[in-house]
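Predicted model only: the values in this text are computed from it and were never measured. Residue numbering restarts at 1 for every chain, and letters A, B, ... go by the order of the sequence lines.
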2 protein chains.
Amino acid sequence: MKSLSIKDIAVKANVSITTVSFIINGKAKEKSISEAVIEKVKKIIEESGYKPNQIARSLRTGNSNIIGLIIEDISNSFFSRIARLIEDKAYKRGYKIIYSSTENNIDKAKELINLFKSRKVDAYIISPIKGIEEDVQMLLDDGNPVIFFDRNLPDVKTSYVGADHFNASYQSIQSFIDQGKKNIALVTTDINVAQITERHDGYKKALEDNGIVYDDSLVLKIHFNQEENETIAQIKSLLAHKKVDAVLFVTNYLAISGLKALKQIDKKIGDDFAIIAYDDHEAFELHTPRISAIQQPLEEIAEAIIKLILNRLSSKGKLPAEELIIPTRLVLRD
Amino acid sequence: MKSLSIKDIAVKANVSITTVSFIINGKAKEKSISEAVIEKVKKIIEESGYKPNQIARSLRTGNSNIIGLIIEDISNSFFSRIARLIEDKAYKRGYKIIYSSTENNIDKAKELINLFKSRKVDAYIISPIKGIEEDVQMLLDDGNPVIFFDRNLPDVKTSYVGADHFNASYQSIQSFIDQGKKNIALVTTDINVAQITERHDGYKKALEDNGIVYDDSLVLKIHFNQEENETIAQIKSLLAHKKVDAVLFVTNYLAISGLKALKQIDKKIGDDFAIIAYDDHEAFELHTPRISAIQQPLEEIAEAIIKLILNRLSSKGKLPAEELIIPTRLVLRD
DNA sequence: TGGTTAGCCTAAAACGATTTAGCGAATCAA
DNA sequence: TTGATTCGCTAAATCGTTTTAGGCTAACCA
């Protein structure tokens with residue numbers, strides 16, 4: 001059962017392929033096709049259920065109405081929720097999204113870029129990792145719109161949408177201090193991206209501004225791809241060896257590991273021990289006691305990304321790179 | 001900066017396009033191209049960074065090495081984790097996955113099928129909803145491999161991979177009864193798919209087999225797309241008006257709403273009140289007390305799906321539809 | 001010697017659309 | 001009446017591959 005081609009329609013309607021193409025693409029008026037022919041062809045298309053072959057179309061026009069989304073890990077709820085929002089919004093504007101995860105693997109990220117490139121996606125939304133600067137630069141040099149989100153690569157000049165990581169961190173620490181906390185630990189990761197270092201910097205600065213000396217031994221850097229049990233062990237060790245009355249977790253999965261660690265050593269969150277997680281999570285609302293978190297405004301981030309992309313897509317000329325820093329919300333619970 | 005085409009390579013190497021194509025596709029030996037030419041062309045390809053245009057390739061060959069994955073909602077962790085696993089496994093076998101969510105919307109599902117069809121994906125993995133039977137049947141009639149997972153459509157004969165929903169439910173209820181529970185409620189949804197009705201049936205059968213009369217007023221059917229607050233209110237109302245000592249939640253998001261409801265009315269889970277959730281969730285392990293759950297073996301499901309797909313893809317003829325029912329695991333906590 | 005075969009390579013058609021250039025008839029202006 | 005313009009439509013080139021069918025030379029065989 002071969003699917004229909006434009007030629008089949010043309011034959012059935014007894015007109016040329018060109019005419020059918022004009023009608024399909026809404027250029028009938030402009031090309032002065034008679035009302036009668038338009039009607040006839042439309043009817044035949046309708047009845048036969050003909051759908052243009054997008055591949056042929058892409059080959060000819062060089063674009064695809066598809067936007068490629070490259071993220072770290074679709075099974076992380078921050079990304080899957082952003083993906084869903086972006087998908088929705090793009091869809092309403094006639095674009096489809098295809099997405100894939102890099103797993104923080106440089107080679108996989110590069111391959112994905114190539115995959116999308118060879119599929120001629122119209123634009124790229126990327127949560128980047130170090131090591132792909134050149135590849136992204138090539139995309140930009142070829143005139144492709146590229147938007148970074150969540151993380152930025154300082155060496156690549158392109159638009160970026162992200163939360164105000166520095167201030168989010170700063171505010172969290174300030175709130176600990178306002179509660180009278182003195183020994184504030186930071187659990188972070190060793191992936192070297194701006195977003196993570198900003199969170200670290202906010203922590204430092206808040207301590208400094210409050211006259212507290214920064215103590216490197218209170219900062220735990222978790223290796224990115226390690227087993228969760230290892231992470232839990234390290235957190236337990238930190239709490240065992242240091243006097244700590246507050247912890248800021250720099251990602252929600254670290255906070256979850258942290259909660260598991262607390263459970264294992266039966267340390268309670270309460271007046272003398274507080275934690276805040278970066279990025280909210282369903283589990284936090286449900287936890288007893290409920291866990292405070294920094295919420296990134298997903299909806300706004302998604303909206304900003306799509307707006308930037310569409311601007312770039314509709315204006316032929318290159319637009320200057322824009323940086324959108326979106327404020328976060330600190331939700332203090334219990 | 002136009003990207004290179006096979007023609008550019010041919011010109012540079014001073015051979016024909018055909019020769020280059022043979023070499024790219026590993027048919028050089030078979031077509032008896034001399035070692036010298038192979039070397040030369042490969043070197044030029046290497047140096048120039050030439051990548052074949054996949055769109056042109058797809059247009060010509062009619063396939064894409066892409067598998068389309070259609071799910072209900074990527075932001076649901078069951079789906080995002082399955083997606084991630086499928087992606088991984090497919091990737092290792094040289095296939096890419098593109099995915100998109102239907103949001104349980106029939107029109108969107110149909111559009112997605114069309115999108116994938118017009119992009120000539122090689123196979124479809126679908127978590128189906130009622131109302132798309134015809135569209136799927138057309139795919140099958142055209143000879144496309146289609147695998148359903150998680151849910152099945154009884155009217156469409158194609159392969160299916162899913163958990164043993166009936167027994168999972170049955171065992172959960174049995175375990176309640178073994179604990180001495182008598183008034184067991186079921187919180188389910190009104191989406192009319194086999195997977196949900198099987199869970200319902202397992203509940204009924206287990207009660208019957210234990211001589212407990214099925215009471216329809218203990219079964220709460222939540223409307224699919226409703227606001228969470230509404231859901232919480234309904235659950236509270238059920239608990240207020242009925243004597244209930246155990247609840248089986250038919251999906252994890254319903255269980256989460258349920259936990260919120262319990263929190264609001266300050267009802268504790270303990271010896272006289274138990275719950276089980278269908279599909280595990282990070283929040284359950286962390287909750288105090290920890291929440292029992294039915295785990296679907298995601299890894300196995302993903303593996304089974306990929307195996308079925310690859311079989312179909314490699315064997316030209318149509319294979320008979322297979323149904324793989326994978327046992328679940330009841331994890332009793334605390 | 002002449003016919004086959006093998007080895008090495010290529011011309012051209014095909015995939016299914018979009019788009020440019022242009023044709024013939026009808027209408028219009030002068 | 002004639003030249004220009006508009007109208008309604010189409011032929012053919014094009015996008016970048018794969019693949020079929022076959023050409024040319026040199027070696028081989030009888």
S.K.: Distance check needed: dC15(D) P versus Asn63(A) CG, whole Å only.
M.R.: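 Atom CG in Asn63(A) sits about 16 Å away from atom P in dC15(D).
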
S.K.: Ignoring hydrogens and angles, tell me if any N or O in the side chain of Lys110(A) forms a donor-acceptor pair with the backbone of Ile132(A) under 3.5 Å.
M.R.: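 No, Lys110(A) side chain to Ile132(A) backbone: no donor-acceptor pair under 3.5 Å.
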
S.K.: Evaluate whether atom NZ of Lys307(B) has more than 12 neighbouring non-hydrogen atoms of other residues, nucleotides or ligands under 6.0 angstrom away.
M.R.: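 At most 12 heavy atoms, drawn from other residues, nucleotides or ligands, come within 6.0 Å of this atom.
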
S.K.: What integer distance in Å separates Asn53(A):CG from dA17(C):P?
M.R.: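 After rounding, the gap between these two atoms is 5 Å.
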
S.K.: Expressed as a whole number of angstroms, how long is the span from Lys120(B):NZ to dC15(C):C1'?
M.R.: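 Interatomic distance, NZ of Lys120(B) to C1' of dC15(C): 10 Å.
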
S.K.: State whether Tyr50(B) places a side-chain N or O below 4.0 Å from either non-bridging phosphate oxygen (OP1 or OP2) of dG16(D).
M.R.: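 No, outside the criterion.
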
S.K.: Can you tell me how far P of dT10(D) sits from CD1 of Ile6(A), to the nearest Å?
M.R.: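 Answer to the nearest Å: 12 Å.
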
S.K.: Side chain of Arg57(B), heavy atoms from C-beta onward: which of dT18(D), dT18(C), dG16(D) has the nearest atom to it?
M.R.: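 Between dT18(D), dT18(C), dG16(D), the one nearest the side chain of Arg57(B) would be dT18(D).
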
S.K.: Please tabulate, one pair per line, all N/O donor-acceptor pairs under 3.5 Å involving side-chain atoms of residues 298-306 of chain B, not counting sequence neighbours.
M.R.:
residue   : atom : partner  : partner atom : Å
Glu299(B) : OE2  : Lys89(B) : NZ           : 2.8
Glu303(B) : OE1  : Lys89(B) : NZ           : 2.8
Glu303(B) : OE2  : Arg93(B) : NH2          : 3.2

S.K.: If you look at every heavy atom in Arg81(B) and Ser75(A), which pair is closest and at what distance?
M.R.: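 Of all heavy-atom pairs spanning Arg81(B) and Ser75(A), the closest is CG-CB, 3.8 Å.
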
S.K.: Please tell me whether Asn152(A) and Glu323(A) have a donor and an acceptor in their side chains that are separated by less than 3.5 angstrom.
M.R.: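 The criterion, which ignores hydrogens and geometry beyond distance, is satisfied for Glu323(A) and Asn152(A).
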
S.K.: Take Ala56(B) and Arg60(A), find for each the nucleotide of DNA chain C with the closest heavy atom, and name the residue whose nucleotide sits nearer the 5' end.
M.R.: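 With Ala56(B) and Arg60(A) compared, the 5'-side residue is Ala56(B).
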
S.K.: Let me know the distance between NZ of Lys7(A) and C1' of dA13(C), rounded to the nearest Å.
M.R.: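 After rounding, the gap between these two atoms is 12 Å.
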
S.K.: Where along residues 12-38 of chain A does a heavy atom come under 4.0 Å from DNA chain D, residue by residue in number order?
M.R.: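 Nucleic-acid contacts, sorted: Val15(A), Ser16(A), Thr18(A), Thr19(A), Phe22(A), Lys31(A), Ser32(A), Ile33(A), Ser34(A), Val37(A).
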
S.K.: Let me know the distance between CD1 of Ile9(B) and P of dT18(D), rounded to the nearest Å.
M.R.: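 Atom CD1 in Ile9(B) sits about 13 Å away from atom P in dT18(D).
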
S.K.: Which whole-number value in Å describes the distance from Asn65(A) CG to dA17(C) P?
M.R.: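 Between P of dA17(C) and CG of Asn65(A): 16 Å.
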
S.K.: Rounded off to whole Å, could you give me the CD1-to-P distance for the Ile55(B) and dT18(C) pair?
M.R.: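 Taking atom P of dT18(C) as the reference, CD1 of Ile55(B) is at 14 Å.
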
S.K.: In terms of ring plane angle, is the pair Phe149(B) and Phe79(B) parallel, tilted or perpendicular, where the classes change at 30° and 60°?
M.R.: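 The rings of Phe149(B) and Phe79(B) stand perpendicular, inter-plane angle above 60°.
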
S.K.: Tell me whether Asn144(B) contacts the main-chain N or O of Leu139(B) through its side chain, where contact means a donor paired with an acceptor under 3.5 Å.
M.R.: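 It does hold such a pair.
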
